[in-house]
Number of protein chains: 2
Amino acid sequence: MFPRETTIHDIARELNVSASTVSRALKDHPAISPKTREVIKAKAHEMGYRSNALASGLRTRKSSTLGVIVPRLNSYFMSTVLAGMEKAAVEAGYHLIIMQSFEMEEKEKENIRLLFNHRVDGLMVSTTSPASDPDYFEPFFKKNIPVIFFDRTPNNQEKYNCVTIDNKRAGYQLTRHLLKNNRKKILHVTGNKKIEVYRQRLEGYKLALHEKNLAFDPTLVWETGLGVDDGKQIAEKILKMPALPDAIFVANDTCAIAIMHHLQAQGIKIPEKIQITGFNNDPFSAFAKPALTTVNYPGEIMGKVTANSLIHLINTKHVEERPFHHILDFELLIRESTMNQA
Amino acid sequence: MFPRETTIHDIARELNVSASTVSRALKDHPAISPKTREVIKAKAHEMGYRSNALASGLRTRKSSTLGVIVPRLNSYFMSTVLAGMEKAAVEAGYHLIIMQSFEMEEKEKENIRLLFNHRVDGLMVSTTSPASDPDYFEPFFKKNIPVIFFDRTPNNQEKYNCVTIDNKRAGYQLTRHLLKNNRKKILHVTGNKKIEVYRQRLEGYKLALHEKNLAFDPTLVWETGLGVDDGKQIAEKILKMPALPDAIFVANDTCAIAIMHHLQAQGIKIPEKIQITGFNNDPFSAFAKPALTTVNYPGEIMGKVTANSLIHLINTKHVEERPFHHILDFELLIRESTMNQA
DNA sequence: TTGTATGCGTTATCAG
DNA sequence: CTGATAACGCATACAA
C-alpha cells in the first residue's frame, strides 16, 4: 500500500555504484572521494532517503539510545534534570527513552529489563529502591553497558557511578541557618530514610545539632511522601503537638510550602513562630510569602553532567578502573528578609 | 571480550528445535504445543535470553517506540502530560522517546527528521511553530505513520489529529469571572499569539468583553514569553502605565504568580487593586497569597488520551477517514475567598 | 578509491 | 504442530 522505503541499495542502483560506497559516502567515510560523496548525497536527498536506525543499530550493536528511569516525571526538579539530559544527549547524537518507576521496585526492575531489551547504549537511573545492592542491574554490568545513578543513588555509592550534590553538607548548612536564628526545636520532615539523599540530609541535620551540643531527638524526624497532600497532614499533626517546634527543615520545597500554607491558615506566624526551610529551589519558593530559604539544586546541570558522563563511558571502550562520583555544587539560598540573627 | 548475546538460535540448538519454533514459542504463538512452549521458555530464562528489539524491529518494521516533541521539558504542566503519556505507552508495550524543540522551528524540524529515522511508530507533538501548514510532517503522512498534536496545535486544527481543551471557552470564563467582579480594564498577558492555544484564549477574552459591550483594546494585550523573568518585566511595565488596569488575565500560572509577586512588592494590593487570574493549575497556584484563580488543565489525562489515541491509530491499519479532535474537560478554579461580587 | 560477500537477530512464508 | 529459508537494511573485513 505504501511504497517501500528507499534504501542505500536503491541509491546504489540509480548511480551504478555499490551499496557499500553509498553507505560510506553517507557517513563521510574518508576513503570515499569527495566527488562521489557529493553525488551520492545529492541523490540520497533527491530520493528522500532516510537512514534506518534499526538496521544500523542491529549491525553495529548500538541503538544510539540512552535509557532514563526516574521515580516520577511530574516534579519540577526532575523535569529540569531531564531537560539537561535531553539537550546533552541530542547534541551527542543520542535519543532519550524515559521511563517512570512510580516509587515501585518491581516497576523499576521491569523498566530495567525493557530498556535492556531495547538495547540502550547506557542507562541513567534515579533509583526508587533503597536496596543496598541492586543486582538487577547485573545484565548491564555483565555486558559492560554503562550505568550512572543521579540524585537518588544506591546506598553504597562507592560501588557505582554517581552524580549527586553533597546532601549532607546541604542539610548541615540549612540546619545551621536555623540554629543561627536561635531555633532550638527543629522538626525534620523527610522522605524515605532508606534513600541515600534523605539519609544524607538527615546526617547533616544531626551534625549541625551535634556541633551546637544539642541532643538529637528521633521523634522530631518525620518520614513522609513529601507531596502536597502530605504537607497538609503534617501541618495538622504539628498543630497537635504538645509543644510546637520553632523550626521545620523540610526535605523539599513542595512539601515545605504546603506545610507553611496550612500552618498559616491556622494562624501560625511564619517565620516568627515557626521558621521553615525547603530544598530544591522550585521556582515558586521565591514567591512564597514569606519567601522560602532553600537549596538551589542544579537540576539542568545534573542532567547534563550525567548524560555527558554516560556518553563518555560509552565512547571509552576500555573498562574504567573504578566507579566515579561527581559531586555538584549547590547553593544555599537564604531568603528571609528580616530575621533576627543570633 | 564480552560473551556474545544468547539468541534464539542458541536456544534452538540446545533444545534441538528450530529457531522459528523458539521465536514462536516465546511470543505465545498459538501454533506451538503448550509443552514445547514451556520447555523453550524455561530454557530461555535459564540462558538469560533477551529479545533483541532492534532485530525484531528491523524485521517487522516496527520499533515499538513513540516519539514526543515538546517546546520545553521543564514546566510542571508538561511533565504531567509526559507522565500520563509514559504510563499509557508502557502499558501498551511502547517506549517513549522525548525531544525538546526549545521554541525553535528549526530544532523542531530536526527532531521530526531524527524521530523519523529512528522509525518511531507514531508521533505526538506540542508544536513550537505557529506555521499554518507544517509540511515537514510530510514524511510521516506519506508513510501513514500517525501524528497527533496535543496542547499546542497547528492553526488549522481540522486538518490534523488534535487533543486540546477548549481554550476559547476557558479564556471566556476567566474573563467573565473578572467582569463579574466589576473589573473594567483587563490586561491580557499572553504568549505568542500565532500559537493556537493563546489565540483561542484571546478569542475567549474578546468574546466576554463583547458580551458586556466593552470595547476591545488591542493595547491591553501583551505578548510575552510567559516565564518568571517575563513576569518581572511585565510588572514593571504595568507600574509605568498612566492608568493601572484593575485586572490581569495571564495565560499561565508561573507568569501570573511572578507578576503578582512583583506588584505586591511595590505595594499594589491584590486582588483589591488589581485582580489576577492564571492558567494551568500549577500546584503552587493554590498556595499563592492570595490564592490564584486559574484553569485546571488536565495534563496527565491529556497525555494519556493522546498516547492511547496514537496507539489506536497505529493498531487500526486502515487509514482513518478524517482527523479527529478530542476536546478535554477543563475546570475553572475560582480561588478568591473574599471577593465583592457585582 | 570502490566492490563483494557476509552477518547482525528476528520473523514471515512456505513447505512438510 | 514444526522446520528450512529468505529477507529486513546496513556496515565491515577483505579483496581488487
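Quick note: numbers below take in every heavy atom, side chains included, and nothing from hydrogens, waters or symmetry partners. Reminder, nothing fancy here: chain letters follow the sequence lines and each chain counts from 1.
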TODO: Kindly indicate whether the side chain of T60(B) and the base of dA12(C) share any N or O donor-acceptor pair separated by less than 3.5 Å?
DONE: no

TODO: Using whole Å, report how far CG of D10(A) lies from C1' of dC8(D).
DONE: 13 Å

Open item on the list: Tell me if the side-chain of R59(B) makes a donor-acceptor pair with the base of dT10(C), cut-off 3.5 Å, by modelled atom types.
Closed with: no

Open item on the list: Please pick, from dG9(C), dG3(D), dT10(C), the nucleotide with the shortest atom-to-atom distance to any side-chain atom of Y49(B).
Closed with: dT10(C)

Task: Whole-Å gap separating C1' (dT2(C)) and CZ (R37(A)) - done: 15 Å

Open item on the list: Rounded to whole Å, how long is the line connecting atom CG of L54(B) with atom P of dG9(D)?
Closed with: 14 Å

- [ ] Let me know which of I327(B), D151(B), T306(B), V197(B) forms a side chain to side chain contact (heavy atoms under 4.5 Å, CB included) with T164(B).
- [x] I327(B)

- [ ] Ignoring backbone atoms, establish whether S56(B) has a side-chain N or O less than 4.0 Å from OP1 or OP2 of dT11(C).
- [x] yes

Open item on the list: Please check this pair: side chain of S64(A) against backbone of Y94(A), looking for a donor-acceptor N/O pair closer than 3.5 Å.
Closed with: no

Task: Value in whole Å for how far the P atom of dT10(C) lies from NE2 of H118(A) - done: 14 Å

TODO: Would you classify L58(B) as touching base, sugar-phosphate or nothing, given that sugar-phosphate means primed atoms plus P, OP1 and OP2, and contacts are heavy atoms under 4.0 Å?
DONE: base

- [ ] Respond yes when some side-chain nitrogen or oxygen of T21(A) is under 4.0 Å from OP1 or OP2 of dG3(C), and no when none is.
- [x] yes

Task: 5' precedence on DNA chain D between A55(A) and T36(B) (nearest-nucleotide basis) - done: T36(B)

Open item on the list: What is the separation between atom NZ on K27(B) and atom P on dG9(C), rounded to the nearest whole Å?
Closed with: 15 Å

Task: Sidechain-backbone polar pair: S309(B) side chain, V305(B) backbone, donor-acceptor under 3.5 Å - done: yes

Open item on the list: Checking contacts here: which listed nucleotide (dT2(D), dC8(D), dT2(C)) is nearest the side-chain heavy atoms of R61(B)?
Closed with: dC8(D)

Task: Check: dG9(C) base within 3.5 Å donor-acceptor of R50(B) side chain - done: no

Open item on the list: Would you say CG of L328(B) has more than 12 non-hydrogen atoms from neighbouring residues, nucleotides or ligands within 6.0 angstrom?
Closed with: yes

Task: Spacing of H29(A) atom NE2 relative to dT2(C) atom P, expressed in whole Å - done: 11 Å

- [ ] Give a yes/no on whether any side-chain N or O of S23(A) is located under 4.0 angstrom from OP1 or OP2 of dA11(D).
- [x] yes

TODO: Please name the residue in the list F140(B), F324(B), F149(B) that meets the ring-ring contact (aromatic ring centres under 6.0 Å, His included) test with Y160(B).
DONE: F149(B)

Open item on the list: Looking at S51(B), I'd like to know whether one of its side-chain N or O atoms comes within less than 4.0 Å of OP1 or OP2 on dG9(C).
Closed with: no

- [ ] Quick one: label I8(B) by what it contacts on the DNA or RNA (base, sugar-phosphate, nothing), any heavy atom closer than 4.0 Å.
- [x] base

Task: Donor/acceptor link under 3.5 angstrom from T7(B) side chain onto base of dT10(C) - done: no

Task: Upstream residue (5' side of DNA chain D) when R119(B) and R24(A) are each assigned their closest nucleotide - done: R119(B)

TODO: Calculate the interatomic distance between N52(A) atom CG and dT10(C) atom P; express it in whole Å.
DONE: 17 Å

Open item on the list: Considering every strand and a 4.0 Å limit on heavy-atom distances, what is the contact class for S20(A): base, sugar-phosphate, or nothing?
Closed with: base

- [ ] Grab the CG-C1' distance between L26(A) and dT2(C) for me, whole Å please.
- [x] 15 Å

Open item on the list: Between E108(B) (side chain only) and T127(B) (backbone N and O only), is there a donor and an acceptor less than 3.5 Å apart?
Closed with: no

